[in-house]
Amino acid sequence: NVKWIATPKRTREILEKHGFSFKRSLGQNFIIDVNILNNIMQKAGIDKRAGAIEIGPGIGALTEQLAVHADKVIAYEIDQRLLPILDDTLAAYDNIQVIHQDVLDADVNDMLKAYFKPDQPIHVVANLPYYITTPILMKLLRANLPVTSFTVMIQKEVAERMAAKPNRKSYGSLSIAIQYYTQAEVVMNVAKSAFMPPPNVDSSVLKLIRRESAPVQVDDEDYFFNMVQACFAQRRKTLRNNLISHFKSSADKETVSNILRKAGINEARRGESLTMEEFAVLANTFFRELE
Ligand code: SAM
């Protein structure tokens, strides 16, 4: 007969008791539906062996479910005002470590080595602050953490872009950046009414399973990601035209056309039709010819 935090009534009580007012600038939209949190536990594959990392515990709605379903939880919260509230709402649990820090400044690797067992599967589970979703995910992915999966609530449109396949409207450089590190899938859509206060945008839960190794061989990762961005710089333009603009100081039009031919990629195609494998061939061919 537990009184979960993630209900409208309990959330309102907690906010009133502590005189808490939301800061929209910190993306504070708290979940008030425990069924959604249970779904997230399932989709994330959380069980009693798991270590969980949460970004932005808020008043502890999701943290509480992680404490119940996982072995241990680390939660990063930037807003100082929430610390005494979390002390209060999560007092019944002894397997949660709340850290008062901007996750973008945090050394997550050091923290999880210190807190989790060496062979424990680790999952990131979070209802992310929407204003910095991409920086947070890219930081955690590039840090190459020993994390099995990321299950995150984010803005629906961003989730779709991150999981998009070639030839879709939402396919772009963000799809490649995310899918280079993970297999991405949108696993759930969530109504605005599941949050307090309701956000202005629709939400989805995105599940990312970290890849053991990169799906394509690239000579130089920065060069590869720059090329991908260049190919999407103007979506309606052909590869040829986007790449001519990109290389304007280092290669003339004819050279760009020749290298595209060498790569075996039709210069009249658009970036949105290229698979990750084709982007890798393209970037490697230009790298070898021009660098
Ligand atoms: N997990 C809670 C829930 O689902 O009800 C709250 C989620 S709310 C969308 C996002 C949380 O992230 C807020 O508590 C906010 O203060 C926190 N936050 C915002 N920016 C942050 C940052 N850079 N580092 C850590 N936490 C941050």
Side-chain angles (χ1 to χ4, degrees), residues 3-15 18 20-41 43-44 46 52-70 73-90 93 96-108 111-112 123-140 143 145 150-156 158-159 188-206:
K3 227 171 131 199
W4 299 119
I5 298 168
T7 60
K9 182 162 178 283
R10 178 86 194 282
T11 298
R12 232 175 269 117
E13 278 167 17
I14 294 167
L15 300 176
H18 294 272
F20 184 83
S21 52
F22 295 102
K23 268 198 192 144
R24 289 241 178 209
S25 64
L26 289 178
Q28 293 179 336
N29 303 95
F30 298 162
I31 298 189
I32 51 169
D33 183 339
V34 78
N35 293 321
I36 287 168
L37 296 178
N38 279 323
N39 265 331
I40 291 176
M41 294 301 118
K43 300 285 186 198
I46 297 298
I53 303 174
E54 185 186 5
I55 295 107
I59 60 169
L62 172 59
T63 327
E64 176 178 54
Q65 298 304 320
L66 289 170
V68 170
H69 289 89
V73 189
I74 299 173
Y76 290 95
E77 176 54 63
I78 197 173
D79 188 347
Q80 171 110 49
R81 302 173 305 153
L82 288 166
L83 300 193
I85 304 183
L86 288 163
D87 270 347
D88 181 18
T89 58
L90 301 174
Y93 306 94
I96 304 170
Q97 174 88 43
V98 175
I99 300 168
H100 176 221
Q101 198 174 16
D102 180 337
V103 72
L104 294 178
D105 297 334
D107 189 332
V108 181
M111 187 59 216
L112 58 85
H123 302 274
V124 171
V125 185
N127 171 19
L128 288 176
Y130 292 1
Y131 72 107
I132 44 167
T133 298
T134 303
I136 290 175
L137 284 177
M138 290 318 297
K139 173 197 160 132
L140 297 177
L145 305 170
F150 300 73
T151 305
V152 289
M153 177 99 72
I154 62 177
Q155 186 179 337
K156 182 169 187 250
V158 178
M188 204 194 305
N189 294 323
V190 177
K192 291 175 181 158
S193 58
F195 303 86
M196 188 186 293
N200 296 324
V201 295
D202 290 323
S203 302
S204 295
V205 176
L206 178 74

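Just follow the structure's listing: the first ligand is 1, and inside any ligand the first atom is 1. For the single chain, residues carry numbers from 1 onward in sequence order.
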For the residue pair [X] and [Y], what are the closest heavy atoms and their distance?
X: Ala6; Y: Leu37; value: CB-CD1, 3.4 Å
X: Lys192; Y: Pro199; value: CD-O, 3.5 Å
X: Gln97; Y: Met111; value: CG-CE, 3.7 Å

Checklist entry - Backbone N or O of Gln155 within a donor-acceptor pair of the Ser204 side chain at under 3.5 Å? => result no

Is there a donor-acceptor contact under 3.5 Å from the side chain of Lys139 to the main chain of Leu104? yes

Cut-off 3.5 Å, no hydrogens considered: what does the side-chain donor-acceptor table look like for residues 21-34, sequence neighbours left out?
residue : atom : partner : partner atom : Å
Gln28   : OE1  : Lys23   : N            : 2.8
Gln28   : NE2  : Asp79   : OD2          : 2.9
Asn29   : ND2  : Pro197  : O            : 2.8
Asp33   : OD1  : Asn35   : N            : 2.9

Between the protein and ligand 1, are there any N or O atom pairs that come within less than 3.5 Å of each other, and if so, what are their names and distances?
residue  : atom   : partner : partner atom : Å
ligand 1 : 1 (N)  : Glu54   : OE2          : 3.0
ligand 1 : 1 (N)  : Gly56   : O            : 2.7
ligand 1 : 1 (N)  : Pro57   : O            : 3.4
ligand 1 : 4 (O)  : Asn127  : ND2          : 2.9
ligand 1 : 5 (O)  : Ile31   : N            : 2.9
ligand 1 : 14 (O) : Gly58   : N            : 3.3
ligand 1 : 14 (O) : Glu77   : OE1          : 2.7
ligand 1 : 16 (O) : Gln28   : NE2          : 2.9
ligand 1 : 16 (O) : Glu77   : OE2          : 2.6
ligand 1 : 20 (N) : Tyr131  : OH           : 2.9
ligand 1 : 23 (N) : Asp102  : OD1          : 2.9
ligand 1 : 24 (N) : Val103  : N            : 3.0
ligand 1 : 26 (N) : Ile78   : N            : 3.4

